[in-house]
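The next block holds one structure in the form of structure tokens; read it before the comments.
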Amino acid sequence: MIPNPNIPEVNIPAVIQNIPLQHYLILSTLLFVIGIIGVLTRRNAIIIFMSVELMLNAANLLLIAFSSYRSDPSGQVFVFFIMAVAAAEVAVGLAIIVMIYRNTRNTDIGFLNKLKW
Amino acid sequence: MLTLLLILLPIAAGVLTLLSGERLAKQVALVSGLAVLGVAIATWLQFDPAAGTQFSFKYAWLASGGISFAAGIDGISLVLVLLTTFLTPLIILSAFNHDYRKPASFYSLILFMEAALIGVFTATDAFLFYLFFEAALIPVYFLAAIWGGENRLKVTFKFFIYTIFGSLLMLVGLVYLYYQTPGTHTSEITAFYALQLSKQVQGFVFWAFFIAFAIKMPLFPFHTWQPDTYTESPTPATMLLSGIMLKMGVYGLIRFLLPIVPGGMETWGTMAMVLSVIGIIYGSIIAIQQSDMKRLIAYSSFAHVGLMAAGVFSYSINGLQGALIQMLAHGINVIGLFFIIDIIYSRTKTRYLDQLGGITQSTPHLSVYFMILLLGSVALPLTNGFVGEFLLLSSVFQYDGWLGAIAGLTIILGSVYMLRMFQKSMFGPRSKWVEGFQDLTMSERAVLLPLVIMVFWIGIYPNTFLKLTEPAVSQLLQMVNN
Amino acid sequence: MSASLLILIPLLPLIGFLINGIGFKTIPKGAVGIIGTLAVVASFVLSVMTFQAFLAAGSQPVIVPLFDWITVGSLNIPFSFQVDQLSLLMLMIITGVGSLIHIYSIGYMHHDEGFGKFFAYLNLFLFFMLLLVLGSNYVIMFIGWEGVGLCSYLLIGFWNKNTYYNNAARKAFIMNRVGDLGFLLGIFTIISTFGSVEYLEVFSKATDFEIGDPVIIMITLFLFVGAMGKSAQIPLYTWLPDAMAGPTPVSALIHAATMVTAGIYMVIRSNVLYSLAPSTLEIVGIIGAATALFAASIGLLQNDIKKVLAYSTVSQLGYMFMGLGAMAYSASMFHVITHAFFKALLFLGAGSVIHAMSNEQDIRSMGGLRKKLPITFLTFLIATIAISGIPPFAGFFSKDEILAHVFEHNKLLWVIGVLGSLMTSFYMFRLLFLTFFGTFRGTHEQEHHLHESPASMTIPLVILAVLSALGGFIGVPEALHGTHHLAEFMSPLYDASRMVNPEAFLPTELSHSEEYLLMGVSVAVALVSAVVAYVMYVQKESVPAPDSQPKSALQGLVYNKYYVDELYDNVFVKPIKTLSNILYSFGEFFIDLIVNAFVRLTQFFAGLLRKTQTGSTGDYVFAMVLGIVVILFWKLLL
């Protein structure tokens with residue numbers, strides 16, 4: 001635990017202290033890696049999309065953890081932003097996937113290679 | 001302020017032409033072209049040859065970098081501005097023969113082109129020069145690509161890439177020179193003149209500029225874009241390209257190459273000279289067997305510009321003065337000849353000499369105008385071509401006797417291909433293609449008459465223009481020789 | 001003499017040209033001829049006045065400046081005129097003979113639809129010719145030099161529906177341009193040597209040079225190349241016979257009396273330079289002699305009345321250059337004058353014959369015309385005698401003077417000259433006998449149409465005949481107890497030459513008896529040829545064989561003009577055409593190949609790189625992740 005010289009020392013709730021920061025780090029890294037693997041290996045657009053969301057949430061979790069440990073609320077503000085934007089993104093992203101599905105009867109990304117040379 | 005007006009007025013006129021709608025576009029363009037000519041003549045009347053660069057203005061542009069929007073007119077600029085403003089209304093008028101689609105865009109592009117050309121000839125800041133140098137390419141690209149012949153897209157693309165390649169080399173040279181200027185750097189051309197560069201560096205800068213201008217003119221062997229582009233472009237675009245745009249290259253040689261890198265000239269000048277002379281002969285010989293009249297004039301234009309370049313590379317007063325007067329003469333002659341070819345083409349639907357013949361039997365006026373422009377082009381004394389060619393050849397001859405004699409072959413070869421063209425199109429038995437060929441209309445005469453008047457004016461009293469440029473040229477030479 | 005009067009001399013023909021040229025559709029035919037002729041006659045009158053004023057003012061050269069034409073740096077080329085003995089003589093010939101030919105043309109061209117155009121061109125020609133001889137510097141001379149070439153082009157191709165005529169016109173212009181390039185290079189050398197082109201300045205500076213100075217030799221050689229082109233000397237003579245495609249008055253005015261003598265004028269004008277360059281003069285003399293003999297030999301077998309006269313002109317010009325080569329400047333000028341008279345007369349007479357024969361030019365179809373065309377015959381006879389060098393007609397004096405000088409200078413050239421003179425006399429009398437004697441050989445229709453020409457054509461013939469008969473008396477040699485008025489008059493022109501090269505101007509070393517002998521030889525030769533021609537063509541009435549009949553090798557060679565045209569065609573014209581095609585197809589292709597090589601190179605690399613764009617999302621994501629990992633490693637570990 002590194003004391004932050006700029007922020008006045010406040011009491012961090014003991015409940016949070018019960019779980020060390022390393023655990024949060026490991027969890028979110030795990031979540032992130034699962035997300036990456038999902039994106040890299042799966043071919044279904046919806047699952048890829050879910051994996052992307054997983055990665056986003058891994059980042060969110062880490063932000064909150066640091067924010068709590070350091071008593072700095074700006075991290076949590078970020079998370080709210082990300083959630084809001086992610087909600088919008090999900091809406092647009094899903095809409096696109098739905099449109100693709102309607103046109104091709106398929107959500108396999110290997111099928112969409114119009115950008116090929 | 002006149003300089004600024006000269007640059008802005010064509011832009012404003014172009015916008016006005018766009019706004020005036022398809023039906024009025026022609027007339028608006030013509031009137032505004034004439035208005036710009038009026039301003040140019042007013043500038044000429046107020047111009048004092050002895051006073052150096054005049055009517056200058058300078059606005060901060062990228063102030064922190066020492067780059068400004070600065071232009072002014074000296075003798076060399078003035079004659080080229082006069083040429084541009086004189087020819088543009090004639091080019092506009094010459095287009096009246098055709099019903100080009102989207103006339104508003106067509107005519108406004110010509111006016112935008114005029115603005116860019118005037119900008120090139122007057123800019124006193126190197127980056128402004130570069131800006132206009134590139135800007136001039138855009139309107140003519142669209143003119144050629146939209147209104148051109150069958151192969152227009154391929155040909156104009158080649159032209160565009162070719163010239164932009166050269167321009168980028170020049171940009172490299174300019175940026176280098178800019179960083180050599182002392183203090184907080186400036187891009188004024190006069191500051192470039194004052195630079196003391198090592199001989200090796202001068203060699204590199206020489207090449208950067210030389211290739212850019214050699215492509216623009218074009219010089220041998222950078223010319224392969226030219227015949228195709230001239231042939232495929234609509235005639236007004238061909239006129240702009242050959243009559244005025246080609247002079248940007250020669251102007252660049254005079255304004256940049258000669259005074260900035262005299263050391264590079266010393267090392268590479270002979271090579272450039274030899275290339276120019278090769279170009280003269282090469283172009284002339286190819287022109288001899290051409291059947292397409294437009295292509296024939298394209299090659300002849302290539303040969304003529306070689307002679308101008310050779311005159312510049314001789315860096316003598318005869319050569320420079322000859323090049324300047326020849327730029328005027330060539331602009332006038334070549335536009336006239338292209339117009340006459342256009343007239344023939346629009347009536348017979350062919351430009352091929354094998355298919356033409358006997359036109360003169362029904363067209364005394366056309367024959368006379370054609371003959372006079374042709375004589376100007378083959379440099380008959382008392383026409384405009386002679387003065388320039390005489391001075392240019394004498395300068396090349398003084399540079400080197402053999403080169404002068406070889407370059408002089410142009411007066412023989414020139415008469416060979418020009419007379420062949422005249423004979424095959426105008427004389428001989430009447431071909432079936434020229435049935436019912438009508439003589440010139442009033443608007444066609446209105447284009448040709450001013451050109452012919454200028455042919456004789458420059459031929460009989462060239463001192464009007466020689467006196468304008470003499471102080472600027474001798475100042476330039478003094479700088480080079482120091 | 002007032003300057004404005006002098007300016008009017010070239011200006012009047014120019015005005016005539018402008019009036020007839022601009023108003024060629026509206027001016028009635030009668031007025032056209034009058035305007036055109038009046039302009040020239042007025043010029044002639046002014047020339048005579050100028051001549052008198054010049055004599056009255058003490059025979060000093062006068063410079064009349066008009067304006068500064070080209071000013072560049074230290075070089076100034078003024079537009080100004082110089083009046084001296086030489087330009088005055090030329091003025092008189094040009095405007096005098098010009099006037100006669102204009103009057104003649106009114107009759108000759110009367111039925112031609114291009115009547116107005118014809119007079120406009122003739123006037124324009126005179127304008128340029130007058131500029132040529134009046135100019136006070138080489139560049140003004142060059143204006144005239146090129147200008148007359150242009151008019152010659154326009155007039156040779158006057159009937160421009162005929163492709164053969166057009167080709168002849170083009171050939172004339174281009175061949176002249178070859179010479180003009182030489183002239184131009186001469187001017188450039190003059191500029192770099194003397195810094196000026198004004199005659200007076202150049203000549204006064206030239207007196208500082210030694211005899212045989214290489215620069216002077218170069219200048220004179222360059223200028224002489226110009227003269228070869230304009231005055232149709234070997235190797236640039238082949239355009240002149242072809243130039244006969246033009247209307248006959250044109251042949252008389254341009255291709256006999258005036259334009260083709262410009263080369264001689266130029267050499268006499270530059271006599272200071274030429275006197276300084278004896279080796280150039282040697283070449284001039286040899287080329288002149290060669291041309292005189294060569295052209296005369298071709299003339300022996302020609303059957304076209306105008307072609308015979310054309311080769312005769314080339315040959316006579318050769319004599320003039322031969323004279324120049326021996327530094328007999330005045331003698332050459334003398335021959336220019338007499339030649340202008342009798343050759344113009346011959347051409348006009350030929351024109352009269354052609355007119356009567358309804359445009360037939362082949363002498364094989366003529367014969368016995370002397371009864372139908374008495375005036376033409378008589379004048380033609382006088383001219384023939386004159387050109388053959390039989391005293392006391394004009395040609396005798398001038399040709400003999402040239403031959404005497406050449407004899408003194410180089411015996412071999414003299415022999416060639418006499419040989420040429422023998423041929424001249426033969427082909428001229430052959431022409432005369434075949435045309436005017438014997439029986440008529442043309443078609444019945446032609447015979448029916450035969451008529452003497454109208455007065456407007458015969459009056460100039462008569463005047464020229466008188467001049468051809470008596471013109472020689474302006475230069476009777478001392479040996480014949482006369483005075484050489486012409487030589488005396490022209491003497492001041494050579495003051496500077498005399499100073500730089502005094503040896504060349506010593507009085508003749510020939511004794512009177514030697515001179516008599518020379519005269520005797522040339523007259524005898526001429527008479528013998530005439531008699532031979534008489535025997536062959538009048539007594540035996542032989543007629544040249546038609547073209548279809550096979551000829552002996554030598555005859556074929558001569559008849560086909562030694563195949564020089566074919567030679568030039570194969571050596572210059574065809575190779576250049578081939579070269580043009582090769583450069584256009586192969587040269588351009590080759591250069592484009594290099595340009596396209598750059599394009600291909602770019603395309604090749606582009607082709608490699610674009611393979612990375614698989615279009616599969618997974619690959620892109622993988623590349624992205626890989627990129628992030630690499631960046632992270634780079635930032636964190638390095």
Side-chain angles (χ1 to χ4, degrees), chain B residues 158 161-162 220-225 227 282 285-290 299 316-318 321-322 358 360-361 364 368 371 375 378-382 386-387 390-391 393-394 397-398 401 404-405 408-409 411-416 419-420 423 426-430 460-463 466-467 470 474, chain C residues 21 24-25 67-75 77 79 117 128 131 139-140 142-147 149-150 153-154 157 160-163 165-167 169-170 173-174 176-178 180-181 184-185 187-189 191-192 218 576-581 583-584 587-588 591-592 594-595 598-599:
Chain B
K158 183 173 175 183
I161 297 294
Y162 232 128
F220 181 86
F222 303 101
H223 65 278
T224 48
W225 62 266
Y282 184 87
I285 288 183
I286 288 186
I288 289 176
Q289 285 290 77
Q290 292 306 310
Y299 276 108
S316 60
I317 185 140
N318 283 9
Q321 287 282 67
T360 185
Q361 289 162 30
V368 170
M371 184 46 105
L375 294 175
V378 301
L380 199 90
L382 297 187
F386 176 71
V387 184
F390 180 78
L391 293 172
L393 284 175
S394 84
F397 186 76
Q398 267 161 34
L409 290 176
I411 72 162
I412 302 170
L413 297 172
S415 56
V416 173
L419 291 182
R420 172 176 169 272
Q423 181 185 330
M426 305 302 282
F427 288 163
R430 209 165 162 80
I460 293 171
Y461 199 68
N463 273 350
L466 288 172
K467 291 255 162 67
E470 173 117 16
S474 40
Chain C
F24 64 103
K25 279 260 167 87
F67 58 90
D68 281 347
W69 185 33
I70 300 177
T71 317
V72 171
S74 58
L75 176 69
I77 301 169
F79 205 106
K117 192 171 76 164
F128 279 121
L131 270 192
V139 186
I140 304 292
F142 191 71
I143 299 179
W145 196 268
E146 289 253 281
L150 166 71
Y153 166 78
L154 292 172
N160 59 42
K161 285 179 202 171
N162 184 322
T163 305
Y165 292 175
N166 293 328
N167 288 340
R170 194 146 60 101
F173 193 84
I174 289 164
N176 269 300
R177 275 250 153 158
V178 176
D180 292 352
L181 175 60
L184 209 52
L185 294 179
I187 295 178
F188 295 155
T189 323
I191 291 175
S192 51
M218 199 161 94
I576 286 187
K577 281 187 178 174
T578 318
L579 183 65
S580 172
N581 288 333
L583 286 184
Y584 180 57
E588 292 289 87
I591 295 171
D592 240 6
I594 297 172
V595 176
F598 277 101
V599 177

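So you know, we letter chains A, B, ... as the sequences are listed, proteins then strands, and number each from 1. None of these values were measured; they are calculated from a predicted model. The figures that follow rest on heavy atoms only: side chains count, while hydrogens, waters and symmetry mates do not.
The backbone N or O of C:N160 sits less than 3.5 Å from a side-chain atom of C:N166, completing a donor-acceptor pair. Within the 3.5 Å criterion, the main-chain N or O of B:M426 finds no donor-acceptor partner in the side chain of B:T360. A donor-acceptor pair under 3.5 Å is formed between the side chain of C:R177 and the backbone N or O of B:I411.
Looking at B:S316, there are no atoms closer than 4.5 Å to chain C (heavy atoms on both sides), in backbone or side chain. Interface residue B:I460: backbone and side-chain heavy atoms are both found under 4.5 Å from chain C. Of the atoms belonging to C:Y584, heavy atoms from both backbone and side chain fall under 4.5 Å from chain B. With a threshold of 4.5 angstrom between heavy atoms, C:Y153 approaches chain B through side-chain atoms but not through N, CA, C or O. For C:L150, the part lying near chain B is the side chain, with the backbone staying farther off; criterion is any non-hydrogen pair under 4.5 Å. Interface remark: C:V599 contributes no atoms to any contact with chain B (heavy atom separation under 4.5 Å). C:V178 touches chain B through backbone and side chain together, each having a heavy atom under 4.5 Å away. Using a 4.5 Å cut-off between heavy atoms, C:N167 touches chain B through backbone and side chain atoms alike. In this structure, chain B has a heavy atom under 4.5 Å from the side chain of C:L184, while its backbone stays farther away. With a 4.5 Å cut-off on non-hydrogen atoms, B:S474 does not touch chain C at all. Only the side chain of C:I77 comes within contact range of chain B, judged by heavy atoms closer than 4.5 Å. Heavy atoms of C:F598 lying under 4.5 Å from chain B are absent altogether. The parts of B:R420 that come within reach of chain C are both its backbone and its side chain, each placing non-hydrogen atoms under 4.5 angstrom from that chain. Interface residue B:M371: only side-chain heavy atoms are found under 4.5 Å from chain C. Using a 4.5 Å cut-off between heavy atoms, B:I161 makes no contact with chain C at all. Residue contact with chain B, scored on non-hydrogen atoms closer than 4.5 Å, is absent for C:S74.
Contact of the B:F427 side chain with the C:Y165 side chain is not registered, since no non-hydrogen atoms from C-beta on lie closer than 4.5 Å. Inter-residue side-chain proximity for C:F142 and C:D180 is flagged as met; some heavy-atom pair is nearer than 4.5 Å. In this structure, B:Q289 and C:I576 have side chains that are not in contact, with every pair of non-hydrogen atoms separated by 4.5 Å or more.
Checked against a 6.0 Å centroid threshold, the rings of B:Y162 and B:F222 do not count as neighbours.
Between chain C and the residues B:I288, B:L466, B:L380, the most heavy-atom pairs under 4.5 angstrom are made by B:L380. The greatest number of non-hydrogen atom pairs below 4.5 Å with chain C, out of B:V378, B:I317, B:L419, is found for B:L419. Heavy-atom pairs under 4.5 Å with chain C were tallied for B:H223, B:Q321, B:Q423; the largest tally goes to B:Q423. With chain B as the partner, the residue from C:I594, C:N176, C:T189, C:L154 showing the most heavy-atom pairs under 4.5 Å is C:T189.
From C:T163, atom OG1 reaches atom CZ of C:R170 across 10.0 Å, with rounding to the nearest 0.5 Å.
The aromatic rings of C:W69 and B:F386 sit parallel to each other, their planes meeting at less than 30°, with 60° as the upper class boundary. Relative orientation of the C:F67 and C:F79 rings is parallel, given thresholds of 30° and 60° on the angle between their planes.
Electrostatic pairing of B:K467 and C:D68 does not count as a salt bridge here, judged by no charged N lying under 4.0 Å from a carboxylate O.
Using a 3.5 Å distance cut-off with no hydrogens or angles, the side chains of B:Y282 and C:E588 do pair a donor with an acceptor.
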